[in-house]
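Down below is the structure, laid out as structure tokens.
For clarity, every value in this text was computed on a predicted model and none was experimentally measured.
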Amino acid sequence: MAYPLKDIQIPEDANKELLIAKHTKYLYDFAENKDSFEYVMTEHLRLSGIFWSITALDLMGTLRDFNKEDIIEIVKSCQHSNGGLSAAPRLDSHILYTLSGVQILVTFDALNAINADAVVDYVCSLHQKDGSFFGDKWGEVDTRFSLCAVATLALLKRLDAIDIESTTNYILSCMNFDGGFGRRPHSETHAGQVYCCLATLSILNQLHHVNAEQLGWWLCERQLPSGGLNGRPEKLPDACYSWWVLTSLAIIGKLHWIDKDKLSAFILACQDSDGGIADRPGDEVDPYHTNFGLAGLSLLGENRLKKINPVFCLCQDVIDRLKLKPQILDP
Amino acid sequence: MDADLCQRILSDLESILRKNPLLESFDVISSADDQERANRSPVYVIENHLGLDSWCLVPVYVAAHDELLRTQDAQKLLQLSNFVLLINPELEAGWNCRKKLFLQKKCSFQQELQLSHLALSRKPKTAEAFFHRKWVLSQEMENYTLERRQAVLHSELQLCETMAGKYFSNYHAWDYRRHLLKEYVEGAPLIVESELQRSKDFLQSHVSDYSGMSYRQYVLLRVNSRPLFESELTFVSDLIHTFPGHEALWSHRRFCVLANIGLLKWAEKRQRLILKENKDPKRLENVREIEQSFLRKTLRDSGNWQTALCERHVRWASATLHIDIAPLQANGSTDEQERPIIEANDSD
């Protein structure tokens, strides 16, 4: 009988070596190419796109030639009078891009480029009575926004500005019977949301609420025979879940529950010979998958990459410089 | 492309949207040859489907996107955002612009539903488009009569069903459906009953779609009846045997097991797993027997992947309920981290 296992087969001629020079060139070229239709179509992601690129380069130790001053200017120009940042100067402020902007600036040690007090006010203005956060003034709620709020405040050393108890309780209200978390109360468990919720609890030092055994199993079950990880049952493996799932396991001290060699081989196979990482072997590459693929390899202990911090998705030396110590459960 | 042509295309689109309130879908079509191009507008309707010739997509989008972020003119904003959002519904700034226009009464409830519906018909998992619907409903529904609210609710549930059918495990479609049930079911109890049936029908024909099952779990917990949980366990058992190797069904089974022994309860507005309060040994023993006999039957005729899923079920029961449901002794091993509980090809 045929079994409907949704997985891929890694081609025999797939890449097995980490292509640092190629990825570096790919990301530098990508940043230069501003005439394409794709560039116009992705304006609404711009600051996050920059964050993915510079984090990937920082991990590879090849960030130094990147145009730091220009980037800082861009981030600066994205801050609005309400204190929030938008993905690009003429778009509307949103908590997602507020975090991306702050992550970029702390990487360059340039937080003074923006009005940090105004950012704090903006984040607080989105906090709701039940502990959830709006993404912007229009009122969508999502546990991703909780992480954006809490991580932004932590990087600015202003966690005192919000009520931690209600923030924690909202996250816990999104916990499901499988130990995982969804977007909102009762939403399906999703590995990306699991990461957001765990990272929020970690920053707030509240990880004791998590059922690490049970959640650990659910996360391990994301690994498919190809070695790749998916984000939900019966979805295809995707290199970006090498980050969302793996870092969730790292936060709850269960990183060793996964087959590291097979996962590593999967991520390496997602590399394009011309640089960049795709969701699956042979697909189109982009900075998003490049960053999260590399971040996954860093967590797996790849020694040609700098160490990544599992909670903030920034190089560990950045987090050390800020003297932040987010909670990680013991194995 | 010259500005006049671009403007003509935007105007054509606007007038088509106005004249055809019942459009079902939108897509970009790459068929037009040169002669066809010369003879007709690149925006057209065929049997309630809206089409756009692909040759004009890039130039019109680039121009419209740019102007959308610059102009203040309400009439222009409407035309520009129609085009931009049909092509790129992830552009939150576009929906924000529509929300402002809506608050200024420059566009109607129906127009917003139409535009976001057409955008979703091409990109059925777009969270921003679902949120736009959620937002316009929150603005309008309380002003409506019960009858009208129910009509909207029915068509929104239908839209969710359509989008769930178009894209596998469509997280945002099911999340929106759950939102509808939470917010708008008051005064319409029969809706929950019918959702119970519809989610069952969907599950039966989409045995790998866990998002649909997760929604069904929400409906089941809302009804919260013991006989219902029991029959669901039987239902999922049959499906697992008929469609072996579907992880989603096994995940749903976990829910059924827990719900069946009363370990899931509706607390603080969420489905919570309460283990300590309610660890009735009799019920656990009952679960052990049921699951063990189920696994024995399942393993009798199963290939590697189904066997792996059986193993996971055993491991899950052990981690969650601290009971051993393995039908075969696993060398008495209690080391739960490494062990393959059942060898891949073993069966009764």
When heavy-atom pairs shorter than 4.5 Å are enumerated against chain B, which of A:H44, A:H190, A:K137 gives the highest number?
->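 Most heavy-atom pairs within the cutoff with chain B belong to A:H44.
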
Picking from A:H94, A:K6, A:M41, which has the most non-hydrogen pairs under 4.5 angstrom with chain B?
-> A:M41

Could you measure the distance from the [atom1] atom of [X] to the [atom2] atom of [Y]? Nearest 0.5 Å is fine.
{"X": "A:L236", "Y": "B:F168", "atom1": "CG", "atom2": "CZ", "result": "8.5 Å"}
{"X": "A:L224", "Y": "B:W305", "atom1": "CG", "atom2": "CH2", "result": "6.0 Å"}
{"X": "A:L45", "Y": "B:E90", "atom1": "CG", "atom2": "CD", "result": "7.0 Å"}
{"X": "B:F131", "Y": "A:E140", "atom1": "CZ", "atom2": "CD", "result": "5.0 Å"}
{"X": "B:E92", "Y": "A:S86", "atom1": "CD", "atom2": "OG", "result": "11.5 Å"}
{"X": "B:N96", "Y": "A:L91", "atom1": "CG", "atom2": "CG", "result": "9.5 Å"}

Where on [X] is there a heavy atom nearer than 4.5 Å to chain A: the side chain, the backbone, both, or neither?
{"X": "B:R254", "answer": "both"}
{"X": "B:W174", "answer": "neither"}
{"X": "B:H132", "answer": "neither"}
{"X": "B:L103", "answer": "side chain"}

At a 4.5 Å cut-off on heavy atoms, which part of [X] comes close to chain B: side chain, backbone, both, or neither?
{"X": "A:R184", "value": "side chain"}
{"X": "A:R232", "value": "side chain"}
{"X": "A:D136", "value": "side chain"}

Below 4.5 Å, heavy atoms only, C-beta onward: do A:E221 and B:W250 meet side chain to side chain?
-> no

Do the non-hydrogen side-chain atoms of B:K134 and A:W138 ever get within less than 4.5 Å of each other?
-> no

What is the minimum heavy-atom distance between [X] and [Y], and which atoms define it?
{"X": "A:D92", "Y": "B:A93", "answer": "OD2-CA, 3.9 Å"}
{"X": "A:F177", "Y": "B:F255", "answer": "CZ-CB, 3.4 Å"}
{"X": "A:R183", "Y": "B:Y171", "answer": "N-OH, 3.2 Å"}

Which one, [options], leads in non-hydrogen pairs under 4.5 Å with chain A?
{"options": "B:L91, B:V62, B:V58", "value": "B:V58"}
{"options": "B:S169, B:S251, B:A308", "value": "B:S169"}
{"options": "B:I87, B:D66, B:D209", "value": "B:D66"}
{"options": "B:H179, B:R70, B:K182", "value": "B:K182"}

Look only at the side chain of B:Y61 and the backbone of A:F37, and say whether a donor-acceptor pair between them is shorter than 3.5 Å.
->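 No; zero donor-acceptor contacts below 3.5 Å.
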
Take atom [atom1] in [X]; do more than 12 heavy atoms of anything else shown fall under 6.0 Å from it?
{"X": "B:K125", "atom1": "NZ", "answer": "no"}
{"X": "A:D35", "atom1": "CG", "answer": "no"}
{"X": "B:Y167", "atom1": "OH", "answer": "no"}
{"X": "A:E32", "atom1": "CD", "answer": "no"}
{"X": "A:Q128", "atom1": "CD", "answer": "yes"}

Check the pair B:W316, A:Q214 against side-chain contact (heavy atoms from CB on, under 4.5 Å), reporting the backbone distance first and the verdict last.
-> CA-CA 8 Å; B:W316 167 80; A:Q214 212 190 346; 4.3 Å; yes

Could you check B:L69 against A:E43 for side-chain contact (heavy atoms from CB on, under 4.5 Å), going step by step and ending with a plain yes or no?
-> CA-CA 11 Å; B:L69 301 175; A:E43 181 168 339; 3.8 Å; yes

Under a 4.0 Å N-O cut-off, is there an ion pair linking A:K235 with B:E247?
-> no

Determine whether the side chains of A:E234 and B:H246 contain a donor N or O and an acceptor N or O closer than 3.5 Å.
-> yes

